[in-house]
Number of protein chains: 2
Amino acid sequence: MMHHDGKMEWRSPCPISSALDVLGDKWSLLIIRDLILHGPRTYSQFLDAPEHISTNILASRLDLLTCLKLIERTNPDAASRNNAYQLTESGAALRPTLEAMGKWAGAHLSDFHADMVRMP
Amino acid sequence: MMHHDGKMEWRSPCPISSALDVLGDKWSLLIIRDLILHGPRTYSQFLDAPEHISTNILASRLDLLTCLKLIERTNPDAASRNNAYQLTESGAALRPTLEAMGKWAGAHLSDFHADMVRMP
DNA sequence: CCGGATCCTTGTCGATACTG
DNA sequence: CAGTATCGACAAGGATCCGG
């Protein structure tokens, strides 16, 4: 198993910049979204999301989010098979950010994306 | 001048996913942050931000954000020299998202990033 | 000079095949 | 089922060049 060496690179002391150092990509916040919407989730349940993340990207994001303690395994000691991931308190605290983001998209992106819906 | 062909790819109808289709990278929200914090800003002022975006990335992001009407030129008809970018109403509406994100980072990232400060 | 555009290198993403 | 290995495509970074 490959796991992160814990050495994060921070571009500046700005909190927003730091948040984006962790979450500034197209997938990390989608993983958090799935966990907020559906509760604990297994590897293959993440793969079933409509955005279709690929397996290696999912594994690397789960690894990073675990290292930074935004998520954790539901049963750390059990075999990885059928084991799930869940939010920590830190990950769950991203809910207001995601709500603000979803609200913004609903209000300001519908001109460009007619098929967008209220919530998945 | 090269400009975007307006064809965005949307991964799903989910608003959060759609927001991340636009803003899910390490730089776009930092541009919005600069505009919220400092008001209208020129090309070289963006380059002076402590995170040091490179010129080509900045140009392509400004172009995309302009196409999606999150930002606009302060004086569209004037020469590009010394012209600045400012937020539209749509871009300004991202303030709650950035505030939530900054608040989250301040509360949950300081264990990993000791040098982080309240606000830049 | 300022606002980019271009070139080139490096790194990350994404698809698919594969393994315990 | 939960990942890992591999490889090609593409995006980011960095330096420099150019038009006004």
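Just so we're clear, the structure is a prediction, and the values are computed from it rather than from any experiment. Below, chain A is the first sequence line, B the second, and so on; all start at residue 1.
- Phosphate proximity of D:dC1 to A:S44: absent, as no side-chain N or O sits under 4.0 Å from OP1 or OP2.
- Here the side chains of A:R33 and A:E51 are in contact, with some heavy-atom distance below 4.5 Å.
- As rounded to whole Å, 11 Å separates atom P of D:dG13 from atom CG of B:L30.
- Distances shorter than 4.0 Å separate none of the side-chain N or O atoms of A:R61 from OP1 or OP2 on C:dT12.
- Between B:A79 and B:W27, it is B:W27 whose nearest contact on DNA chain D lies nearer the 5' terminus.
- For B:I57 and C:dT12, the CD1 to P distance is 13 Å, given to the nearest whole Å.
- Under 3.5 Å, the side chains of A:T42 and A:N82 contain no donor-acceptor pair of N or O atoms.
- Side-chain atoms of B:T74 and B:Q86 form no donor-acceptor pair, as typed in the model, at a separation below 3.5 Å.
- One can place CG of B:D25 at 12 Å from P of D:dA11, the figure rounded to the nearest angstrom.
- Nearest-nucleotide positions on DNA chain C for B:T42 and A:H52 put B:T42 closer to the 5' end.
- The residues B:R95 and B:E99 are annotated as salt-bridged, a charged nitrogen and a carboxylate oxygen being separated by less than 4.0 angstrom.
- With rounding to whole Å, A:I53 atom CD1 is found 16 Å from C:dT12 atom P.
- To the nearest angstrom, P of D:dC1 lies 14 Å from CG of A:L58.
- Side-chain contact annotation: B:S28 with B:D25, donor-acceptor N/O pair under 3.5 Å present.
- Look at CG on A:D63: it is 13 Å from P on D:dA5, rounded to the nearest Å.
- One end of the helix from C:dC1-D:dG20 to C:dG20-D:dC1 points its axis 30° away from the other end's axis, with each axis taken from 5 pairs and the angle rounded to 10°.
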Could you list all N or O pairs between the protein and nucleotides 15-17 of chain D that sit under 3.5 Å apart?
from	atom 1	to	atom 2	distance (Å)
D:dA15	N6	B:T55	OG1	3.4

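- Nucleotide D:dC18 holds its P atom 17 Å from the OH atom of B:Y43, rounded to whole Å.
- Rounded to whole Å, atom P of D:dG3 lies 10 Å from atom CG of A:L47.
- For the pair B:N83 (side chain) and B:N75 (backbone), a donor-acceptor distance under 3.5 Å is present.
- The pair A:R11-A:D21 meets the salt-bridge criterion, since a charged nitrogen lies less than 4.0 angstrom from a carboxylate oxygen.
- For A:K103, the NZ atom counts as loosely surrounded, since its 6.0 Å shell holds 12 or fewer non-hydrogen atoms of other residues, nucleotides or ligands.
- Residues B:R73 and B:Y85 approach most closely at NH1-OH, 3.5 Å, considering heavy atoms.
- Applying the 4.0 Å criterion to OP1 and OP2 of C:dG4, one finds that B:Y85 has a side-chain N or O inside that range.
- OP1 and OP2 of C:dT19 both lie 4.0 Å or more from every side-chain N or O belonging to A:R81.
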